[in-house]
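Please read the structure below before turning to the comments.
Protein chains get the first letters and strands the later ones, always in sequence-line order, with residue 1 at the start of each.
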Amino acid sequence: MTTIRLTNTKTRAKEVFDPIDPQNVRMYVCGPTVYDRAHLGNARPVIVFDVLFRLLRQVYGADHVTYVRNFTDVDDKINAEAQRRKSLGDPRSLEDLIRERTEETIRWYHDDMDALGALRPTREPRATEWIGAMIAMIEDLIAKGHAYAKDGHVLFRVRSYEGYGKLSGRSVDDMIAGARVEVAPFKEDPMDFVLWKPSTDDLPGWDSPWGRGRPGWHIECSAMSHELLGDSFDIHGGGIDLQFPHHENEIAQSACAHPEGSFARVWMHNEMLQVEGKKMSKSLGNFFTVRDLLDKGIPGEVIRFVFLSTHYSKPMDWTEEKAKQAEATLRKWRGLVEDVEPATTPAPSVLAALADDLNTAGGIAEMHKLAGEGDLAGLKASAELLGLLTPQLEDWAWRAVTGRMNAELARGYVMRAQGHVETVEERISTLLQVRADARKDKDFRKADSIRDDLLAVGVIVKDTPDGATWELMPDFDEARLWGL
RNA sequence: GGCGGGUUGGCGGAGAGGUUACGCAGCGGAUUGCAAAUCCGUGAAGACCGGUUCGAUUCCGGUACCCGCCUCCA
């Protein structure tokens, strides 16, 4: 069996991955807060852990991996958006508006991540479906002396957990010295964080032993991971920005509530995304969503390829140039493996790269070698392990790969003009026949002019010993083709 | 202030204490009416200063610069 090595943030070392139960390898990844479209940075953990999910399925079997990724649908920003709509005169109840907002956002999220070729996780729990589990966990923490209720709030007693700060390498005293912690009258200690907070009448809330309120963010993940994966599971993933405080707090809650378990054994964090060398932020004006890129015509597979070109543990810069290069490579590969039956297993070199702490960039390099060696079956099977060259993502390729494939798809494009029906394929063939005749007569000016005209509408013509072939470019303009 | 990441050839980007990364671009050649594509070949690196070593881009220490987290912005 392939040996997987993963860098464990908890130990800051690359370790051999040894699952608790190879029949059921369990992974939890922090999912999105569903208040708006996912921005490009949100896509990084999705893609990184999708590759890990695929790798684990490859090694342990598709039915032996459980991947849980939550939706945080209790959040002030969601409430704010719903209240905004309410204030604009929407007659529906706040609860309805909130539900509409989260449903809509989850739909968007699925659409966008599907477009990036990410597999759906095994389970996608929503925080609002597990409020009971959260309340039970909070009660348990209070009973064990790790939490206390005060003025409708429940706080976690950070000083009661000696391991606090271990994951992120911080000491509680240093953090206090940093003086960025919120001091509130209901806190015993400034470091204590909220497990439950009261809701006012104009906010969503659930009845609890501490009054009507809502859970804190951190308890959501602790409760849902415990319900779905148990006291101990294998991998917990997320962005490095979540390491503190979110993951630190999760560990504190789970370790104190379930001391008999080990919670997550391996912690993995992906580094951040940057745009042209800067953090993506609304204030810098370089903020954009996955959907923005897709709408610009950048295929999801291209975005995915760019992400996989950089190791997950390093900051990744999104640039237009990278997208261009990725698209060229994918177009070439898609042309190569068209009609090729994938090998039954990925190439050992690619599998080895991924098994070595998810070295996706190394895997891509190995795939270039496979392409160079002509091992197309191996290339296709290996690409699928990375979620590339899959049928799910081929929608953009119809106008990008070989002329032959384009031709098949172009048959679907029919034009009615002057009382007859003509397809794109027929139209181009007609023009190329005229050009072929011109070349035969050595009228190269005319031949080149036809080629230039076709190029101008997005059709690339290539001469081969067997005659001319053509392919459609992404900027193919059907309407203008009929004008030629 | 505390914690963490980065710095590799023109660009992107990996691994390995000593042996070609890889891709794109470039250059030379084959092919072509010309292109495109393809094929063959090829130059080019390791921020800076020390240390360990027979030998370091790879290990250790320091410096500089860039970036992020510490603010429920992944």
Side-chain angles (χ1 to χ4, degrees), chain A residues 9 12 29-33 35-36 38-46 48 72 74-77 165 167-171 173-182 193-194 197 215-218 220 237-246 248-249 269-274 277-283 287 305-306 308-311 313-317 319 321-326 328-329 331-332 335-336 352-353 356-357 359-372 402-403 438-440 442-445 447-448 451-452 455 460-465 468-471:
Chain A
T9 313
R12 286 152 217 281
V29 173
C30 293
T33 299
Y35 69 100
D36 205 351
H39 67 246
L40 192 62
N42 290 305
R44 195 162 189 203
V46 172
V48 165
T72 294
V74 181
D75 182 82
D76 288 341
K77 282 193 290 291
L167 178 73
S168 54
R170 298 153 201 259
S171 79
D173 294 323
D174 285 348
M175 286 184 270
I176 301 282
R180 294 278 195 111
V181 290
E182 182 194 6
F193 59 87
V194 170
K197 55 186 163 188
W217 176 38
H218 314 298
E220 296 177 14
I240 187 73
D241 58 323
L242 294 180
Q243 188 185 38
F244 185 90
H246 183 55
E248 201 70 75
N249 293 354
H269 291 97
N270 61 277
E271 253 293 342
M272 310 315 274
L273 176 103
Q274 299 176 5
K278 291 279 184 216
K279 173 185 175 165
M280 186 165 72
S281 73
K282 287 177 179 168
S283 56
F287 183 95
F305 189 98
V306 170
L308 297 181
S309 298
T310 299
H311 190 85
S313 67
K314 288 190 175 182
M316 195 211 96
D317 204 14
T319 63
E321 179 61 25
K322 283 187 186 178
K324 259 175 63 180
Q325 285 192 14
T329 299
R331 181 175 293 145
K332 182 173 159 183
L336 287 175
D356 181 14
D357 199 23
N359 185 355
T360 51
I364 287 173
E366 293 301 330
M367 283 159 60
H368 278 295
K369 288 183 191 168
L370 295 175
T402 65
R439 291 181 72 205
K440 210 186 235 168
K442 305 257 185 253
D443 184 355
F444 295 119
R445 279 188 60 171
D448 288 350
R451 185 173 64 197
D452 291 344
L455 183 62
I460 288 188
V461 176
K462 299 173 186 176
D463 291 317
T464 72
T469 65
W470 52 273
E471 71 183 69

Legend entry - Separation of atom CD in A/Gln325 from atom P in B/A25, rounded to whole Å: 7 Å

Inset, instruction - Determine the Euclidean distance between corresponding C1' atoms of B/C49 and B/C65; express it in Å to zero decimal places. - result: 15 Å

Inset, instruction - For A/Ile364, report the nucleic acid contact type (base, sugar-phosphate, nothing); a contact means any heavy atom under 4.0 Å. - result: nothing

Inset, instruction - For A/Gln274 and B/A74, give me the distance from atom CD to atom C1', rounded to whole Å. - result: 13 Å

Inset, instruction - Could you work out the separation of B/C59 and B/U19 based on their P atoms and round it to a whole Å? - result: 15 Å

Inset, instruction - Check every atom of B/C70, B/G5, B/G13 against the side chain of A/Phe244 and return the nucleotide holding the closest atom. - result: B/C70

Legend entry - A/Lys462 vs B/U32: side-chain N/O to OP1/OP2 distance below 4.0 Å: no

Legend entry - Base-pairing mate for B/A16 - Watson-Crick or G-U, with both contacts under 3.5 Å: none

Legend entry - Atom pair distance, as rounded to whole Å: CG in A/Leu308 and P in B/C22: 20 Å

Inset, instruction - Would you mind telling me which of B/C3, B/G33, B/C72 lies closest to the side-chain atoms of A/Arg170? - result: B/C3

Inset, instruction - Measure from the side chain of A/Asn42, starting at C-beta and using heavy atoms only, and say which of B/C34, B/A14, B/A74 lies closest. - result: B/A74

Inset, instruction - Output yes when a side-chain donor or acceptor of A/Lys322 lies under 3.5 Å from a complementary backbone atom of A/Asp317, and no otherwise. - result: yes

Inset, instruction - Remember a base hit wins even if backbone is also touched, and classify A/Gly41 as base, sugar-phosphate or nothing at under 4.0 Å, heavy atoms. - result: base

Legend entry - A/Lys332, nearest nucleotide to its side chain (from B/G5, B/C73, B/C24): B/C24

Inset, instruction - Output the single nucleotide from B/A74, B/G12, B/U7 whose closest atom is nearest the side chain of A/Lys322. - result: B/G12

Legend entry - Interatomic spacing from CZ in A/Arg44 to OG1 in A/Thr310 - rounded to 0.5 Å: 6.5 Å

Inset, instruction - Answer with base, sugar-phosphate or nothing: what part of the nucleic acid does A/Val461 contact at a heavy-atom distance below 4.0 Å? - result: base

Inset, instruction - Applying side chain to side chain contact (heavy atoms under 4.5 Å, CB included) between A/His269 and each of A/Asp241, A/Val48, A/Leu167, report the one that passes. - result: A/Leu167

Legend entry - Nearest-nucleotide 5' precedence on RNA chain B, A/Asp463 against A/Pro315: A/Pro315

Legend entry - Spacing of A/Glu220 atom CD and A/Thr33 atom OG1 [to the nearest 0.5 Å]: 7.5 Å

Legend entry - Spacing of OG1 belonging to A/Thr329 relative to CZ belonging to A/Phe305, to within rounding of 0.5 Å: 4.5 Å

Legend entry - For atom NE2 of A/His311 and atom P of B/G6, their distance in whole Å: 10 Å

Inset, instruction - With RNA chain B as reference, determine whether A/Gly239 or A/Ala447 sits nearer its 5' end, using the nearest nucleotide of each. - result: A/Ala447

Inset, instruction - Mind checking A/Lys197 for me? I need base, sugar-phosphate or nothing, with any heavy atom below 4.0 Å counting as a touch. - result: base

Legend entry - Under 4.0 angstrom between A/Ser309 side-chain N/O and B/G13 OP1 or OP2: no

Inset, instruction - Hey, could you give me the CG/CG distance between A/Leu308 and A/Asn359, rounded to the nearest 0.5 Å? - result: 11.0 Å

Legend entry - Closest to side chain of A/Arg451, choosing from B/G23, B/A36, B/G33: B/G33

Legend entry - Value in whole Å for how far the P atom of B/U7 lies from CG of A/Asp317: 13 Å

Legend entry - Donor-acceptor pair under 3.5 Å, A/Asp241 side chain vs B/C73 base: no

Inset, instruction - Look at the side chain of A/Asp448 against the base of B/G33 and say whether a donor-acceptor pair falls under 3.5 Å; ignore hydrogens and angles. - result: yes

Legend entry - Same-atom distance (C1') from B/G43 to B/G10, integer angstrom: 12 Å

Inset, instruction - For A/Lys369, report the nucleic acid contact type (base, sugar-phosphate, nothing); a contact means any heavy atom under 4.0 Å. - result: sugar-phosphate

Legend entry - Nearest-Å distance for atom pair NE2/C1', residues A/His368 and B/U20: 16 Å

Inset, instruction - For nucleotides B/G12 and B/A35, find the distance between their P atoms and express it as a whole number of Å. - result: 31 Å

Legend entry - Pair assignment for B/C39, Watson-Crick or G-U wobble, requiring both distances under 3.5 Å: B/G29

Legend entry - Between B/U8 and B/A14 - C1' atom distance, rounded Å: 10 Å

Legend entry - Span that lies between the C1' atom of B/A56 and that of B/C48, in whole angstrom: 16 Å

Legend entry - Options B/A21, B/G6, B/C73, nucleotide nearest the side-chain atoms of A/Lys77: B/C73

Legend entry - Pairing nucleotide - B/C65, Watson-Crick or G-U, each distance under 3.5 Å: B/G6

Legend entry - Rounded distance (nearest 0.5 Å) linking atom CE of A/Met280 with atom CD of A/Gln274: 11.0 Å

Legend entry - Counter-base of B/U53, judged by Watson-Crick or G-U geometry with both distances under 3.5 Å: none

Legend entry - Approximate separation, where rounding is to 0.5 Å, of A/Phe444 CZ and A/Arg439 CZ: 7.0 Å

Legend entry - Opposite nucleotide pairing with B/A44, Watson-Crick or G-U, both atom distances under 3.5 Å: none

Legend entry - Nucleotide B/G12, atom C1' - distance to NZ of A/Lys314 in whole Å: 12 Å

Inset, instruction - Starting at atom CG of A/Asp357, determine the distance to atom P of B/G15, rounded to an integer number of angstrom. - result: 9 Å

Legend entry - Atom C1', compared across B/U58 and B/U38: separation rounded to whole Å: 37 Å

Inset, instruction - Return the nearest nucleotide to the side chain of A/Arg439; candidates are B/C34, B/A14, B/C72. - result: B/C34

Legend entry - Pairwise C1' distance, B/G55 and B/G18 [rounded to whole Å]: 6 Å

